[in-house]
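Accompanying notes for the structure given below.
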Amino acid sequence: MIFGATSVKAATNTPPAVGTNSGNGTIAATEKDHQNMLEQLGIKSLRRGRDGHANGKNPANYDEAKANPFPDFPDPLTLNDGTRVTTPEMWWQKRRPEILEGFDREIYGRVPARPPKVNWKITATIHTNSGDIAVITKKLLGLVDNSADTNITVNMDLTLTTPANATGPVPVIMQFGFNFPPGFFARFGTNNFPPGSTGPTWQQQVLAKGWGWAVIYPYTVQADNGAGLTGGIIGLCNHGAPRQPDDWGALRAWAWGASRALDYFETDTAVDARQVGIEGHSRFGKATLVTMAYDPRFAIAYVSSSGEGGAKLHRRDWGEVVENLTGSGEYHWMAGNFIKYGGPLNWKDLPVDSHELIALCAPRPVFISAGSTNGDAWVDAKGSFLAAAAAGPVFTLLGKKDLGTTNFPPIGTALMDGDLAFRQHSGGHTDAPNWPTFLKFADRYLRTAELPPK
Ligand code: GCU
């Protein structure tokens, strides 16, 4: 997480996130786990990731003329055997499974066939007001069955707030939340997020539509470092052993947690579980896109500044690149196999690219956003736009509307006439400025159910 408008990044690999245990023990255990995966893959050396600083050893590219070194992208509508996909049936039965297999095996890893059951418990129900709206907040814990390995405990943390006076089940927007300790923002001289922001919070904006909001805390599902891979839900499924190369990484684990939260919503009469949206920023923007791609029950997604490993095309050279994700600071987000593409293989060897991850969401609506180059360059807004544009043919095949253009729009211009939407805002690395635009887009799809008159 980077606070404030900054176009640069301090180091090659990710700085520790809020809530990440970055102590020396964790770093050593992470290096060891990363090394273990390199050995499983027979990899002797990796290429260095890019530096955010222009005066770093290997600075990130911010020159459009050099941004497209591998112009051949996999075609979402051509089968691996070269046959053209011409009908929705061919998409659902042949091409979509091929693309999923590529992402499962090489990019995000496979979820185990039978992950443990989750038992959701409401630990508190609070009647309160949010601004002038009466709300009911439920605090929940998702207790994961750990009979397979009682040394590992996974209790997922979820909060759900719905309007107290709703006349029926309401749509809910769920966010992947960073775990900010109480008073965290005081150091920025504010209680608001992002620091310095004013106006209604995203939660208040959602409630103003008559909908509910929820936050799932991903770090209660899976830690945000390599050392944690032998714990959390991934470690529990592996009985505490290191991963195999095609095992799931943290992004799929976080997405799995979001799906289990949706299981709970299906049992809560305050929620219309067919109208649950998912939102996340930065690494959780990546998790949002993965959630939406893999779980067809999610109705809509707001993918904010997801960058490399999210909506940004892996084959594009701008800001963060594949090699940053294959280093020891970020490899845990991905399948072990992904590391190959930062060493023996290259970006062009990836069997799938991010436009196909967006295509997996079709025909459900997706809003993709990022900040300006001055403040969010690392994330590559244009690379995310190009991926959304290249996902368009799949939306069209399924009877939906694509972005409507392949020309990168001026900053602040929302493309949202179709079912794929995009907007680059003028601020830095934050999801705040695009909430009003996303909610306008979502308004076309989500509705509070009216109860029949008595
Ligand atoms: C780093 C990392 C990004 C990530 C971001 C975040 O900047 O390189 O890939 O999205 O952290 O999650 O804050």
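Positions are given from 1 along the sequence. Counting convention: from 1, in listed order, for ligands and their atoms alike. Values below: every heavy atom of this structure, side chains too, minus hydrogens, waters and symmetry copies.
Glu323 and Tyr341 share no side-chain donor-acceptor pair at under 3.5 Å. In this model, no donor atom of one side chain and acceptor atom of the other lie less than 3.5 Å apart for Asn68 and Asp317. In this model, no donor atom of one side chain and acceptor atom of the other lie less than 3.5 Å apart for Tyr108 and Asp104.
Distances from ligand 1 to the non-hydrogen atoms of Lys286 include at least one value under 4.0 Å.
In terms of polar-atom proximity, defined here as any N/O pair under 3.5 Å, Trp333 makes no such contact with ligand 1. For ligand 1, the polar-atom distance check against Arg283 finds a nitrogen or oxygen pair separated by under 3.5 Å.
Under the side-chain contact (heavy atoms from CB on, under 4.5 Å) test applied with Val322, the options Asn324, Thr326, Leu325 reduce to a single match, Thr326.
Against a heavy-atom cut-off of under 4.0 Å, Ser282 is close to the following atoms of ligand 1: 4 (C), 5 (C), 6 (C), 10 (O), 12 (O), 13 (O).
Proximity of the aromatic rings of Tyr219 and Phe284 is defined here by a centroid distance below 6.0 angstrom, and this criterion is met.
Contacts of Trp378 with ligand 1, taken as heavy-atom pairs under 4.0 Å, involve the side chain alone.
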